[in-house]
Amino acid sequence: MLPLDKDLQKPKSSLEEFRDIAIRVMDYLPNVISNSQEKGDYLIQSSLIAGSIKYLRPINRRIFIGDKAIFLEQYNKLLTVFDKIKKKESISEEDKIIIDRVVYTLQQSIGIGLDLLVNQNSARKHAGNRFEELIKTIFNSIGIANKRMILQIPYETEEGSKIYKCENDLIISPFDKVASHNNSIDEKEIVVSVKTTSKDRMGKMFIDKILLERFVEHPQKVIGIFLNDVQRKEDSNISFTLVSGLFMVYTKFLTELEGIYYLDPPPNALKEPYSRYMKRFSDLLADDLSVLLTS
């Protein structure tokens, strides 16, 4: 078995791999957490080892499942929920809660493990990579064809033709296989931006949608999937990073996205008028995905 720090940095491609690494982190945490305090719904934890303090990302204690036995029970229920989604069976509110809690726990277990064992820059990069892999794995589990793709957009300059590379975290498809390729996106497919936070990234989604539609010459569906929009502030506080007013300006004056989905929505996200555009991740899987892929 790989050392925990190496395992956290290793790409994952199955739900079982995410489950196993989450359990390893849960087993490790009690040995190293030296301080824990509550700030609203969030836990702010730190570890003091050999005179060095490491702070963990804020964890929403109402969503995160910290008990290993309960986590494993809920994880098995999640597999049943995913099977129901794949079979197009109805999904209950309880099922939605299981989706959000277990997926949040899978991702944040990796995040806090990285905070403890890997330097800050590497932790940020690997947390983002694991989140993309987790979302891809979930789409695979519910039978949705998907592919990471770089769209190549040609443009002319004084020095001749050049290529702008528009990276798309995922393309999801109503077909058995993704039909889009690197110089065209199928009109029925959806571009998905997968990020741990919207901070410094929200504007790019709107610009990319405008660019994509100009290039492919048809309306293009674009959604965003975010883990959260919260960060630690100093040693014992938190701040929310969603710039909700700017989101509404982009929506009114640039273009409208087809949806923004959070595992841990910031407070404004579920209030009017933002709630018209922002929902929980479980709402995407249970309700919106089938509509988006057939519209």
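Residues take their numbers from the sequence shown, with the count starting at 1. The basis for the numbers below is simple: all heavy atoms, side chains too, and nothing from hydrogens, waters or symmetry mates.
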- Item | side-chain contact (heavy atoms from CB on, under 4.5 Å) between F281 and I138, worked out | CA-CA 11 Å; F281 178 65; I138 289 168; 4.1 Å; yes

- Query: Less than 4.0 Å between a side-chain N and a carboxylate O, is that true for D83 and K87?
  - Reply: yes

- Message: Testing the basics here: between L285 and F139, what is the closest heavy-atom pair and its distance to 0.1 Å?
- Response: CD2-CE2, 4.2 Å

- Task: Flag the pair D288 and K279 as a salt bridge only when some basic side-chain nitrogen lies within less than 4.0 angstrom of an acidic carboxylate oxygen.
- Result: yes

- Message: If you compare all heavy atoms of S198 against all heavy atoms of D229, which two are closest, and at what distance to 0.1 Å?
- Response: OG-OD2, 2.7 Å

- Return the minimal non-hydrogen interatomic distance between L15 and S141, and the atom names on each side. CD1-OG, 3.3 Å

- Task: Assess whether side-chain hydrogen bond (donor to acceptor under 3.5 Å, both in side chains) is satisfied between E156 and S161, documenting all intermediate values.
- Result: CA-CA 4 Å; E156 296 298 324; S161 296; 2.6 Å; yes

- Query: Crowded around N31 CG? As in, over 12 foreign heavy atoms under 6.0 Å?
  - Reply: yes

- Query: Linking I/L/V/M/F/W/Y whenever their side-chain heavy atoms sit closer than 4.5 Å, directly or via other members, would L211 and Y155 fall into one cluster?
  - Reply: yes

- Message: Please check if the number of heavy atoms outside R148 that lie under 6.0 Å from its CZ is greater than 12.
- Response: yes

- Query: How long is the span from the CD atom in E73 to the CD1 atom in I98, to the nearest 0.5 Å?
  - Reply: 8.5 Å

- Item | Side chains of N146 and N140, donor plus acceptor under 3.5 Å | yes

- Item | Distance in Å, I225 CD1 paired with I172 CD1, rounded so as to fall on 0.5 Å steps | 7.0 Å

- Task: Please examine the side chains of D186 and F175, heavy atoms only from C-beta on, and report whether any two atoms are closer than 4.5 Å.
- Result: yes

- Query: Between R61 and G40, is there a donor-acceptor pair closer than 3.5 Å when you use the side chain of the first and the backbone of the second?
  - Reply: yes

- Say whether, by atom type as modelled, one donor and one acceptor occur between the side chain of Q9 and the main chain of D5 under 3.5 angstrom. yes

- Query: Would I63 and L263 count as a side-chain contact (heavy atoms from CB on, under 4.5 Å) if you check the C-alpha gap in whole Å, the side-chain angles of each, and the deciding distance to 0.1 Å?
  - Reply: CA-CA 9 Å; I63 310 176; L263 280 157; over 6 Å; no

- Check whether any side-chain heavy atom of P58 sits under 4.5 Å from a side-chain heavy atom of Q231, and report yes or no. no

- Query: Got a second to check how far S46's OG is from Q37's CD, nearest 0.5 Å?
  - Reply: 7.5 Å

- Where the side chain of T197 meets the backbone of L227, is there a donor-acceptor pair that is under 3.5 Å apart? no

- E133 and T137: side-chain donor and acceptor closer than 3.5 Å? no

- Message: Is it the case that the side chains of Y55 and N35 hold a donor-acceptor pair, with the cut-off being a distance below 3.5 Å and no angle test?
- Response: no

- Determine whether L170 and I135 make a side-chain contact, defined as any pair of heavy atoms from C-beta on separated by less than 4.5 Å. yes

- Query: Between the side chain of D169 and the main-chain N/O of V194, is any donor-acceptor distance below 3.5 Å?
  - Reply: yes

- Query: Once you round to the nearest 0.5 Å, how far does CG of L114 lie from NZ of K125?
  - Reply: 11.0 Å

- Message: Taking the ring of Y262 and the ring of F226, is the distance between their centroids below 6.0 Å?
- Response: yes

- Task: Check F64 against R101 and note the closest heavy-atom contact, atom names and distance.
- Result: O-NH2, 3.5 Å

- Query: Side chains of Y104 and I65: does their closest heavy-atom pair fall under 4.5 Å?
  - Reply: no

- Message: Any side-chain to backbone donor/acceptor pair from R280 onto P265? Under 3.5 Å, distance only.
- Response: no

- Would you say I260 and L289 are hydrophobically clustered, going by side-chain heavy atoms of ILVMFWY under 4.5 Å? no

- Check for a donor-acceptor pair, side chain of E17 on one end and backbone N or O of S13 on the other, with a separation under 3.5 Å. yes

- Task: State, without any angle test, whether S180 and E189 hold a side-chain donor-acceptor pair at a distance under 3.5 Å.
- Result: yes

- Item | K96 and D283 ion-paired at < 4.0 Å | yes

- Side chain S47, main chain V32, donor-acceptor under 3.5 Å: yes

- Minimum heavy-atom distance between K54 and V118, given as atom pair plus value: NZ-O, 4.0 Å

- Query: If you group Ile, Leu, Val, Met, Phe, Trp and Tyr by side-chain heavy-atom gaps below 4.5 Å, do I185 and I210 land in one group?
  - Reply: yes

- Message: Assess the residue pair I171 and V192 against the criterion (side-chain contact (heavy atoms from CB on, under 4.5 Å)); give the C-alpha distance rounded to whole Å, side-chain angles, the decisive distance to 0.1 Å, and a yes or no.
- Response: CA-CA 6 Å; I171 305 288; V192 186; over 6 Å; no

- Item | Linked, directly or transitively: I21 and L117 (ILVMFWY side chains, under 4.5 Å) | yes

- Query: Are I207 and Y277 connected in the hydrophobic side-chain network, where two residues link if heavy atoms are under 4.5 Å apart?
  - Reply: yes

- Query: Between D7 and K12, is there a salt bridge with N-O shorter than 4.0 Å?
  - Reply: yes

- Taking every non-hydrogen atom, the tightest pair across M248 and P273: CE-CG, 4.0 Å

- Item | Side-chain donor/acceptor of S295 to backbone N/O of L292, under 3.5 Å | yes

- Side-chain heavy-atom pair L242, M202 within 4.5 angstrom cut-off: yes

- Pairwise side-chain contact, N168 with I150, heavy-atom cut-off 4.5 Å (strictly under): no

- Query: About how many Å separate CG of L79 and CZ of F82, when rounded to the nearest 0.5 Å?
  - Reply: 8.0 Å

- Would you list the pairs meeting side-chain hydrogen bond (donor to acceptor under 3.5 Å, both in side chains) in which at least one residue belongs to residues 207-221, sequence neighbours left out? K204-D208, K209-E258

- Taking side chain as C-beta onward, heavy atoms only, is N183 less than 4.5 Å from H181? yes

- Min side-chain heavy-atom separation I112-V25 under 4.5 Å: yes

- Around E94, counting heavy atoms of other residues, nucleotides and ligands shown, do more than 12 lie under 6.0 Å from its CD? no

- Query: Taking atom types as modelled and ignoring hydrogens, do the side chains of N60 and D264 form a donor-acceptor contact shorter than 3.5 angstrom?
  - Reply: yes

- Using modelled atom types only, decide if a donor and an acceptor are shared between the side chain of R124 and the backbone of H126 within a distance under 3.5 Å. no

- Message: If I take atom CZ from residue F240 and atom CD1 from residue I238, how far apart are they, to the nearest 0.5 angstrom?
- Response: 4.0 Å

- Hey, are K136 and E132 close enough for a salt bridge, meaning a charged N less than 4.0 Å from a carboxylate O? no

- Item | Aromatic centroids of F206 and F247 separated by under 6.0 Å | yes

- Message: Assess the residue pair L56 and I33 against the criterion (side-chain contact (heavy atoms from CB on, under 4.5 Å)); give the C-alpha distance rounded to whole Å, side-chain angles, the decisive distance to 0.1 Å, and a yes or no.
- Response: CA-CA 9 Å; L56 279 63; I33 297 298; 3.8 Å; yes

